[in-house]
Amino acid sequence: MRSVSSRSVFAALALAAAGPAFAASDTANLNVTITITSVCDIHTTAPLPVNFGSVSSSATNVDQQGQLTVNCTPGTAYTIGLDNGQNGTDVNSRKMANGANLVPYQLYRAAARGPGDVWGSTVGAGGNVLAGSGTGAAVNVPVYGRTPSANFPAGTYNDVVIATITY
């Protein structure tokens, strides 16, 4: 029995003399990156038309509203321009057509529909585009329309205006 206990004592002394075991370590930096590009979308949701409806030929200053929906990367500055339409020579002469008959109308950036609110197609002097900044969510943008007079031959008149977002 003595030999067993001597061995146990010897093993315990050997472990104590060896001291605690330490693990080695080293470090490295791991870079993690992403490059996010700006994007704006003006066509995910179809625009709601500016529909002046059915009115009598004696109607004046007929107002209606349409809507664009834009979705831009958060913090991305953008502008929205509306062109002349198919029948206008510039943004101040937009017209809906029924054959050779033309009904003038205007599109505005603000509900007041003032002369300075005419929605233009280019940035710069007299451009009158709508400016905004992306939120990362779809944002509804109203388009205000007015036709000053319906005193034209009976019929259905239409035009197509191209909306362009620049960012």
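In this chain, numbering begins with 1 at the start of the sequence shown. What's counted below: heavy atoms across the whole structure, side chains too, no hydrogens, waters or symmetry copies.
Between the side chains of Y105 and D159, a donor-acceptor pair is found at a separation under 3.5 Å. Between the side chains of N140 and T69, at least one donor-acceptor pair of N or O atoms lies under 3.5 Å.
For I165 against C72, the heavy-atom pair with the smallest separation is CD1-SG, 3.8 Å. Taking both residues in full, the closest heavy atoms of V70 and Y78 are given as CG2-OH, 3.7 Å, listed atom of the first, atom of the second, then distance. The minimum heavy-atom distance between A163 and L82, with the atom names listed, is CB-CD2, 3.5 Å. Heavy-atom minimum distance, L130 versus V141: CD2-CG1, 3.3 Å.
By the 4.5 Å heavy-atom criterion applied to side chains, P47 and V143 are not counted as neighbours. With contacts defined as side-chain heavy-atom distances shorter than 4.5 Å, the pair V50/Q64 qualifies. With contacts defined as side-chain heavy-atom distances shorter than 4.5 Å, the pair P148/N61 qualifies.
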Quick one: do V118 and N92 satisfy side chain to side chain contact (heavy atoms under 4.5 Å, CB included)? Show the steps, please. CA-CA 8 Å; V118 170; N92 293 310; 3.8 Å; yes

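Side-chain atoms of D117 never come within 3.5 Å of backbone atoms of R109 as a donor-acceptor pair (strictly under, hydrogens ignored). A distance-only check finds no donor-acceptor pair linking the side chain of T79 to the backbone of A131 [under 3.5 Å]. Listed for the T147 side chain is a donor-acceptor partner under 3.5 Å among the backbone atoms of P104. Panel note: side chain Q106, backbone Y144; no donor-acceptor pair is recorded below 3.5 Å. Remark: side-chain polar atoms of R113 are not paired, donor with acceptor, to backbone N or O of Y108 under 3.5 angstrom. Panel note: side chain D63, backbone R146; no donor-acceptor pair is recorded below 3.5 Å. Without hydrogens or angle criteria, N128 side chain to W119 main chain gives no donor-acceptor distance under 3.5 Å.
Using a 4.5 Å cut-off between side-chain heavy atoms of Ile, Leu, Val, Met, Phe, Trp and Tyr, with links allowed through other members, L102 and V62 fall into different hydrophobic clusters. With hydrophobic clusters built from ILVMFWY side chains whose heavy atoms lie under 4.5 angstrom apart, V103 shares a cluster with V55.
Expressed to the nearest 0.5 Å, how far OH of Y167 lies from OG1 of T76 amounts to 8.5 Å. Interatomic distance, I42 CD1 to I162 CD1, rounded to the nearest 0.5 Å: 11.5 Å. Expressed to the nearest 0.5 Å, how far CG of L68 lies from CD1 of I80 amounts to 6.0 Å. Atom CG of residue N87 and atom CZ of residue R94 lie 12.0 Å apart, to the nearest 0.5 angstrom.
Heavy-atom neighbours of L48 CG from other residues, nucleotides or ligands within 6.0 Å: above the threshold of 12.
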